[in-house]
**Q** 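Following this message is one structure expressed as structure tokens.
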Protein chains: 2
Amino acid sequence: MSYSKDMRDLSHGDDAAAVNDLRSAVMRLGRRLKHQRVDESLSPTEMSVLGTLARCGQATPGELARREHVQPPSMTRIVALLEAKGLVTLEPHPDDRRQKVVRQTEEAEAMLEESRRKRNAFLAGLAAELTEDEWAKLRAAAPVLEKLAHL
Amino acid sequence: MSYSKDMRDLSHGDDAAAVNDLRSAVMRLGRRLKHQRVDESLSPTEMSVLGTLARCGQATPGELARREHVQPPSMTRIVALLEAKGLVTLEPHPDDRRQKVVRQTEEAEAMLEESRRKRNAFLAGLAAELTEDEWAKLRAAAPVLEKLAHL
DNA sequence: CGTTTTCCTTAGCTAGGGTAATGAGTTACT
DNA sequence: AGTAACTCATTACCCTAGCTAAGGAAAACG
């Protein structure tokens, strides 16, 4: 344990292996989750966008695209689909007429709640296989993963 | 903290929120990593398969498909691509002529090493933004994520 | 033996992203 | 003020990476 905070040596074997495992695990689990979509008719990214909106209240398509690490045209399509499903509203931006403001509807709110319940039911199946200690590790790591995703 | 190991209450708010964050973070980071592919011309899943082979030494297409959570036809194509790139060999199975044995070549070994170096270079950029404590949390969680992916 | 099952493969399809090009609106620079 | 350069959203088109359905050959089972 002799690394400083700022210049950790990532070519060191142990860290390299850890990084490798982390990447592999994240990708595999991501594929898994993609299939375990709690709400039919709503893609994982659409869900994620709704989640973001729930936290931020509102956002422009460009902001959402950056946040989800998706290209603007993709976000245009996603937002359009969400609007068609009545989960989101699109208003003109007050200060800048190029932009638009995306806001979630009450239906979206309700749907997220419903979806959260289904998700928990699914995870209950997996929960039995993890110890309390393992769950604690996941909870601790979640914010870090989030941070990493936004770096 | 009053949950037993076996019957944790997953409808409890904190766990539900944690699970939500975890899912969101994993998916976003997955998308991110997908773009940061260290070796052009090699998809994330192909990389993952090579990683698995590096650990297991050899496997049948069916085993690989199960491990990567992919359907058999997909694995057939992936393996064929890897063979075309000279990263993998396909031999008939000694005991069962329906099956085949997939083994990685020396080129794959070398490529994985090279790729590991590139990956670390990329991660070094992110490393500066994380504290040692945060890295520790990630390291602790990686095996759990892996386990979760295989449940 | 014949039937059923297992493993891999072929063929055809789709979803969910990406790039390139466009148009309208804003900012910056004389 | 006028114009050049930039930014945001969109449109049009393409491509990757998975899927399902169907089939052929080998093994297992009765």
Side-chain angles (χ1 to χ4, degrees), chain A residues 27-50 58-85 88-103 149, chain B residues 24 26-37 39-50 52 58-85 88-103 149:
Chain A
M27 303 232 44
R28 272 198 273 251
L29 185 54
R31 254 194 311 273
R32 190 82 191 279
L33 287 173
K34 192 173 156 188
H35 288 297
Q36 254 308 331
R37 64 177 61 173
V38 280
D39 189 302
E40 294 308 316
S41 86
L42 219 55
S43 84
T45 307
E46 289 173 306
M47 278 299 300
S48 189
V49 167
L50 286 184
Q58 59 169 46
T60 68
E63 286 166 356
L64 289 174
R66 278 188 294 277
R67 210 153 217 292
E68 302 292 327
H69 291 290
V70 152
Q71 293 305 307
S74 304
M75 189 50 71
T76 292
R77 228 168 342 104
I78 291 167
V79 166
L81 287 175
L82 287 176
E83 193 194 17
K85 288 170 192 161
V88 129
T89 62
L90 266 159
E91 305 160 24
H93 194 287
D95 303 344
D96 184 340
R97 284 185 296 177
R98 290 170 304 179
Q99 306 189 56
K100 292 184 178 170
V101 175
V102 187
R103 219 185 299 271
Chain B
S24 170
V26 166
M27 304 232 43
R28 272 199 274 252
L29 187 53
R31 255 195 310 275
R32 190 82 190 279
L33 288 172
K34 192 174 155 188
H35 285 295
Q36 256 307 332
R37 63 177 62 173
D39 189 301
E40 295 309 317
S41 86
L42 217 55
S43 86
T45 306
E46 290 173 305
M47 277 301 298
S48 190
V49 167
L50 286 184
T52 297
Q58 59 169 43
T60 69
E63 285 166 356
L64 289 173
R66 277 188 294 277
R67 208 153 219 291
E68 301 292 328
H69 291 290
V70 152
Q71 293 304 309
S74 304
M75 190 50 71
T76 292
R77 226 168 348 101
I78 291 167
V79 166
L81 287 175
L82 287 176
E83 192 194 16
K85 289 170 191 159
V88 130
T89 61
L90 267 160
E91 304 160 24
H93 193 288
D95 304 343
D96 184 341
R97 280 185 299 176
R98 291 170 304 179
Q99 306 189 55
K100 293 184 180 171
V101 175
V102 187
R103 218 186 299 270

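No hydrogens, no waters, no symmetry mates; every other heavy atom, side chains included, goes into these values. In what follows, chains are A, B, ... by sequence order, proteins preceding strands, each numbered from 1. Because the structure is a prediction, the values reported are computed rather than measured.
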**Q** Tell me: CE of M47(A) to C1' of dG16(C), nearest whole Å?
**A** 17 Å
**Q** dA17(D), OP1 or OP2 - any side-chain N/O from T45(B) closer than 4.0 Å?
**A** no
**Q** Tell me if the side-chain of R77(A) makes a donor-acceptor pair with the base of dG16(C), cut-off 3.5 Å, by modelled atom types.
**A** no
**Q** For the pair made of CD in E46(A) and C1' in dG17(C), what is the distance, rounded to whole Å?
**A** 12 Å
**Q** Go through the steps to decide whether H93(B) and D95(B) satisfy the test side-chain contact (heavy atoms from CB on, under 4.5 Å), and finish with yes or no.
**A** CA-CA 6 Å; H93(B) 193 288; D95(B) 304 343; 3.8 Å; yes
**Q** I need the CD1-C1' distance between I78(A) and dA15(C), as an integer number of Å.
**A** 12 Å
**Q** To the side chain of S43(A), which of dC19(D), dT9(C), dG17(C) is closest?
**A** dG17(C)
**Q** Report the distance from atom NZ of K85(B) to atom CG of L42(B), rounding to the nearest 0.5 Å.
**A** 5.0 Å
**Q** For residues V101(B) and L90(B), determine if any side-chain heavy atom of one lies less than 4.5 Å from a side-chain heavy atom of the other.
**A** no
**Q** How close or far is atom C1' of dA17(D) from atom NE2 of H69(B), stated in whole angstroms?
**A** 17 Å
**Q** Round to a whole Å and report the spacing from NZ of K100(A) to C1' of dT7(D).
**A** 15 Å
**Q** Just call it for P61(B): base, sugar-phosphate, or nothing, with non-hydrogen atoms closer than 4.0 Å on any strand.
**A** sugar-phosphate
**Q** Is T60(B) close enough to dC8(C) that one of its side-chain N or O atoms is under 4.0 Å from OP1 or OP2 there?
**A** yes
**Q** Which parts of nucleotides 20-30 of chain D does protein reach within less than 4.0 Å, heavy atoms only, written one letter per nucleotide 5' to 3' as B for base, S for sugar-phosphate only and - for none?
**A** BB----BS---
**Q** Work out how much the helix from dC1(C)-dG30(D) to dT30(C)-dA1(D) bends between its end axes, five pairs an end, to the nearest 10 degrees.
**A** 20°
**Q** Between atom CE in M75(A) and atom P in dT11(D), what is the gap in whole Å?
**A** 16 Å
**Q** Pairs of donor and acceptor atoms involving the side chains of residues 58-66 of chain B, under 3.5 Å and at least two apart or interchain, shall be tabulated with distances.
**A**
from: Q58(B); atom 1: OE1; to: R103(B); atom 2: NH1; distance (Å): 2.4
from: Q58(B); atom 1: OE1; to: R103(B); atom 2: NH2; distance (Å): 3.3
from: T60(B); atom 1: OG1; to: E63(B); atom 2: N; distance (Å): 3.2
from: E63(B); atom 1: OE1; to: T60(B); atom 2: N; distance (Å): 3.0

**Q** Which residues pass the salt bridge (Lys or Arg N to Asp or Glu O under 4.0 Å) test with R98(A), not counting sequence neighbours?
**A** D96(A)
**Q** For E68(B), which residues count as a salt bridge (Lys or Arg N to Asp or Glu O under 4.0 Å) partner, sequence neighbours excluded?
**A** R28(A), R31(A)
**Q** Rounding to a whole Å, what distance do you find between E83(A):CD and dA9(D):C1'?
**A** 14 Å
**Q** To the nearest 0.5 Å, how far apart are CD in Q99(A) and CZ in R97(A)?
**A** 13.0 Å
**Q** Which pairs of donor and acceptor atoms, one on a side chain in residues 73-83 of chain B, lie under 3.5 Å apart (sequence neighbours left out)?
**A**
from: T76(B); atom 1: OG1; to: P72(B); atom 2: O; distance (Å): 3.3

**Q** Please give, in whole Å, the distance from dT16(D) P to L81(B) CG?
**A** 10 Å
